[in-house]
Every structure is written in structure tokens, then in C-alpha cells.
Participant: 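Below is the structure I would like to discuss, written out as C-alpha cells.
Every value quoted in this text rests on a predicted model; they were computed, and no experiment measured them.
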Amino acid sequence: EAVNPFTAAKPGEPWLRVPHATPPDDPGEIARAQDALVAVLSGREAERTLECDWRIGGERRSSHLRIRRIDRQEGGAIVAHLDVTASKRVEVEAQQALHELAHMNMRAGMGELVSAVTHELTQSLTASFGNAQALKRMLNDPRLTREDLAPLVDDIAAANRAATHVIERVRQIMRKE
């Protein structure tokens, strides 16, 4: 059966040299813990904390280790281990939930923007198209003068300006101006 490499030692046993401990997938984790232990035991540091990841029985686990030197003649250190797997799992799940929420909010916002832009463009293009059709019919009427047709041309130009303005506003939004 797999044994946590960071908690396999019994009180008083040499830490990280327990033969029945399961080594972590990344040997660097043990090396980091050993470096921390050496730094504390040698007196370079009074205390060090680190987080280590490991697997046991196929399951990924996380530990928070705190190594503190004991001030006594024969030396030594106290190693406190806290399995933080559950809190790490909750943290990852919370980050995923926030990411999903942000994505849903973005899609909802984009849906509203697309709906508004579609409405605005449809109005302008429908007006322009209707005026263009009317103008086409009126061009064949010999009784009408250029002055009679000019308002339709002006309306087509205004509808096209309105559509262009909508597109420019979307560009500004996308550039965050």
C-alpha cells in the first residue's frame, strides 16, 4: 500500500529516509523538502514552509510542510505536515467555476451586443433598401423631377450613415476606446 512520503516517519525516525514510503511522481519534491530540512538543520534558516505535491494510490495529493529547528544541543527539527488536498481541490473548483461564470457572462454580453447591433443595422438597411426600391420605381415616371427624387437619395444616404455609425461604435467597443 502506498504511504505518504512526507508523513511516513514516526516521531524520532529520520525524516524522508523511511524505506516503506512511496516516492512522489516528481523526485524534485523530495529534493526540495530535503533542501529545506538541510537549511533548517544547518542553522541557515530557523524555519521554512513549502508546499509539495505527490500521489498516493493514484490520487494526487498536496501537502503544506513547516520545518522548524529545535534549539537544543543535539539539534533536530520539528516537521509539521498538513494535507491541503481538499482545500486545493476546492480552490481549483472555485477557479473553474469563476472561469465558467466569466465565460457565461461574456457570452450573455456578446448576445446582447449582437442583438442590439442586429436591430440597429436591420433598421438602417431596411430603410435604405425600401427607399432604393421606391427610387427605382420613381425613376421611370417622366412627371418627376430631380428635386422630387432628391429626398429619397438623402434618406438612403442617411440610412447608410446610420449603419456605418453602428459599425463604428462596435469597433470602438471592441477596441475599448
Side-chain angles (χ1 to χ4, degrees), residues 2 4-6 22-36 39 45 47-67 80-177:
N4 177 345
F6 302 111
T22 305
D25 290 345
D26 178 7
E29 293 294 293
I30 290 291
R32 283 186 335 111
Q34 286 174 332
D35 287 345
E45 298 178 33
E47 180 177 313
R48 183 170 317 166
T49 57
L50 63 148
E51 294 211 8
C52 297
D53 294 320
W54 45 281
R55 289 189 182 276
I56 188 167
E59 180 185 4
R60 184 176 176 82
R61 311 290 296 179
S62 294
S63 297
H64 181 84
L65 300 173
R66 183 175 181 184
I67 305 168
H81 166 267
L82 178 62
D83 187 336
V84 294
T85 303
S87 62
K88 287 274 192 178
R89 194 172 293 134
V90 168
E91 184 179 317
V92 167
E93 289 170 2
Q95 286 174 347
Q96 288 172 340
L98 284 173
H99 178 73
E100 288 177 27
L101 181 61
H103 184 71
M104 287 189 300
N105 283 339
M106 181 198 65
R107 290 187 68 176
M110 289 300 292
E112 290 176 23
L113 177 65
V114 167
S115 178
V117 168
T118 300
H119 176 74
E120 294 286 328
L121 287 175
T122 300
Q123 279 187 319
S124 297
L125 295 174
T126 300
S128 182
F129 182 68
N131 284 326
Q133 286 182 319
L135 180 61
K136 188 176 182 181
R137 281 192 307 272
M138 294 169 84
L139 284 173
N140 294 327
D141 189 340
R143 297 170 294 164
L144 298 174
T145 65
R146 289 182 136 196
E147 291 78 27
D148 295 328
L149 301 176
L152 283 175
V153 173
D154 291 341
D155 287 348
I156 291 170
N160 286 341
R161 273 193 304 276
T164 301
H165 182 67
V166 169
I167 292 168
E168 192 54 41
R169 284 188 310 195
V170 170
R171 284 186 180 144
Q172 287 174 350
I173 289 170
M174 298 311 285
R175 285 186 289 216
K176 295 183 179 182
E177 290 181 1

Participant: As an exercise, state the distance from CG of Leu152 to CG of Leu135, rounded to the nearest 0.5 Å.
Facilitator: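 Answer for the CG-CG pair, Leu152 versus Leu135, is 5.5 Å.
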Participant: I'd like to check the side-chain hydrogen bond (donor to acceptor under 3.5 Å, both in side chains) partners of Arg61; sequence neighbours left out, ordered by chain and number.
Facilitator: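 Arg61: side-chain hydrogen bond (donor to acceptor under 3.5 Å, both in side chains) contacts with Glu59, Asp83, Thr85.
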Participant: According to side chain to side chain donor-acceptor pair (under 3.5 Å), does anything in residues 135-148 pair up with another residue at least two apart or in another chain? List the pairs.
Facilitator: Asp141-Arg143, Thr145-Glu147, Thr145-Asp148
Participant: Listed by chain and number, what are the side-chain hydrogen bond (donor to acceptor under 3.5 Å, both in side chains) partners of Arg66, not counting sequence neighbours?
Facilitator: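 Partners of Arg66 under the side-chain hydrogen bond (donor to acceptor under 3.5 Å, both in side chains) test: Glu47.
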Participant: With the threshold set at 4.0 Å, does a side-chain nitrogen-carboxylate oxygen contact exist between Glu91 and Lys88?
Facilitator: no
Participant: If I compare all heavy atoms of Ile156 with all of Ser128, which pair ends up nearest, and what's the gap?
Facilitator: CG2-OG, 3.6 Å
Participant: Report the residue from Arg171, His165, Arg169 that forms a side-chain contact (heavy atoms from CB on, under 4.5 Å) with Ile167.
Facilitator: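 Testing Ile167 for a side-chain contact (heavy atoms from CB on, under 4.5 Å) against Arg171, His165, Arg169 leaves exactly one candidate, Arg171.
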Participant: Identify the heavy atoms of Ser62 and Asp53 that sit nearest to each other, and give their distance.
Facilitator: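 Between these two residues, the closest heavy atoms are OG-OD1, 2.6 Å.
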Participant: Taking distance alone, no hydrogens or angles, what donor-acceptor pairs closer than 3.5 Å link side-chain atoms of residues 103-125 to residues at least two apart or in another chain?
Facilitator:
| residue | atom | partner | partner atom | Å |
| --- | --- | --- | --- | --- |
| Thr118 | OG1 | Val114 | O | 2.7 |
| Thr122 | OG1 | Thr118 | O | 2.6 |
| Ser124 | OG | Glu120 | O | 3.4 |

Participant: Atom CE of Met138 and atom CG of Asn131: how far apart are they, to the nearest 0.5 Å?
Facilitator: 10.0 Å
Participant: So, taking the atom named CG in Asn160 and the one named OG1 in Thr164, what distance separates them when rounded to the nearest 0.5 Å?
Facilitator: 6.5 Å
Participant: What residues form a salt bridge (charged side-chain N to carboxylate O under 4.0 Å, His left out) with Arg32, not counting sequence neighbours?
Facilitator: Glu29
Participant: Suppose we screen for side-chain hydrogen bond (donor to acceptor under 3.5 Å, both in side chains). Which residues come up paired with Glu45, at least two apart in sequence or across chains?
Facilitator: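 For Glu45 the side-chain hydrogen bond (donor to acceptor under 3.5 Å, both in side chains) partners, ignoring immediate neighbours, are Arg48.
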Participant: Determine the minimum heavy-atom distance between Ile67 and Ala33, stating which atoms define it.
Facilitator: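 Scanning both residues, the minimum pair turns out to be CD1-O, 4.1 Å.
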